[in-house]
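Residue numbering restarts at 1 for every chain, and letters A, B, ... go by the order of the sequence lines.
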Amino acid sequence: MSGIRIAAPKTATPGQVIELKALIQHPMESGFRRGSRGEEIPRNIIKIFECLYDDSVVFQADFFPSVSANPFLTFHLRATHSATLEFRWTDQHGVESSQKSELTVE
Amino acid sequence: MANTVGFAHAASTQLDDTARSLFGDAPIETGRVTVKMPPIAENGYSVPIDISVESPMTADDHVTRIAIISERNPVATIAQFHLSPQSGLAHVSTRIRLAGTQDVLVVAEMNDGSLWSATTEIVVTLAACIIL
């Protein structure tokens with residue numbers, strides 16, 4: 001897994017609610033499609049997305065086959081202190097991909 | 001249909017059964033949930049959905065979970081989101097697949113256990129039936 005794109009502000013004021021956007025390139029193969037010779041294309045999806053703020057999970061999304069390819073999420077976070085934001089995806093085999101972003105609150 | 005079920009046109013047992021399996025038997029009220037989707041989606045592969053839930057998102061009163069449930073997709077649960085007071089705002093957007101014209105049910109669970117919902121009808125012209 002690769003191709004992560006994050007949109008997160010670098011700075012915020014204390015108590016400010018910030019918008020976070022996270023996208024990862026992934027086929028999200030549903031397991032219901034068939035190939036050109038009629039063979040089943042096996043399911044290959046991301047199961048979990050987590051956003052960690054200062055190492056604790058503040059937002060989690062559970063994905064199922066009906067989430068579009070290259071899953072994209074917009075969600076929010078109340079900025080309370082300067083810390084690292086980590087965006088982490090886990091696929092059905094337990095393989096993780098993540099990216100970090102620093103948030104300064106002042 | 002029992003009047004404990006909040007969403008009026010719960011003709012679809014898939015919506016009802018899935019909501020029950022995810023959230024248990026508590027009554028599901030209509031309201032507090034706003035869902036924005038295009039009324040007509042030309043492509044069922046990728047339909048934008050924007051969900052917001054009325055909540056102050058404080059430690060005493062916040063949304064803990066939001067689920068998107070499909071009436072017709074082969075896997076009824078589309079996605080589920082877990083929120084916390086740290087979220088600040090109960091507002092989530094993503095893109096989903098829809099296997100044809102159907103109702104989409106969004107259920108939000110509050111920290112007091114109450115359940116709120118909105119049902120949105122969407123017309124899908126290129127149904128993602130086989131191609132989902």
Subject >> chain A neighbours within residues 80-88 of chain B, where any heavy atom lies under 4.5 Å away >> reply: Q80(B), F81(B), H82(B), L83(B), S84(B), P85(B), Q86(B), S87(B), G88(B)
Subject >> L23(A), part contacting chain B, at a heavy-atom distance under 4.5 Å >> reply: side chain
Original post:
Tell me the salt bridge (charged side-chain N to carboxylate O under 4.0 Å, His left out) pairs involving residues 49-72 of chain A, sequence neighbours left out?
Top reply: E50(A)-R88(A)
**OP:** Determine, step by step, whether N73(B) and Q14(B) satisfy the side chain to side chain donor-acceptor pair (under 3.5 Å) criterion, reporting the C-alpha distance in whole Å, the side-chain angles of both residues, the deciding distance to 0.1 Å, and the verdict.
**Re:** CA-CA 9 Å; N73(B) 285 12; Q14(B) 174 158 319; over 6 Å; no
**OP:** Only counting residues at least two apart or in another chain, list the ones meeting side chain to side chain contact (heavy atoms under 4.5 Å, CB included) with D50(B).
**Re:** K36(B), H91(B), S93(B)
Original post:
Going by atom types alone, do S114(B) and D112(B) pair a side-chain donor with an acceptor below 3.5 Å?
Top reply: yes
Which pairs of donor and acceptor atoms, one on a side chain in residues 7-19 of chain A, lie under 3.5 Å apart (sequence neighbours left out)?
unit_1, atom_1, unit_2, atom_2, d
T13(A), OG1, Q16(A), OE1, 3.2
Q16(A), OE1, T13(A), N, 2.9

Original post:
Heavy-atom count around E40(A) CD within 6.0 Å, excluding the residue itself: above 12?
Top reply: no
Original post:
Got more than 12 heavy atoms from elsewhere within 6.0 Å of CZ, R5(A)?
Top reply: no
**OP:** Select one option (side chain, backbone, both, neither) describing which atoms of Y53(A) are under 4.5 Å from chain B's heavy atoms.
**Re:** side chain
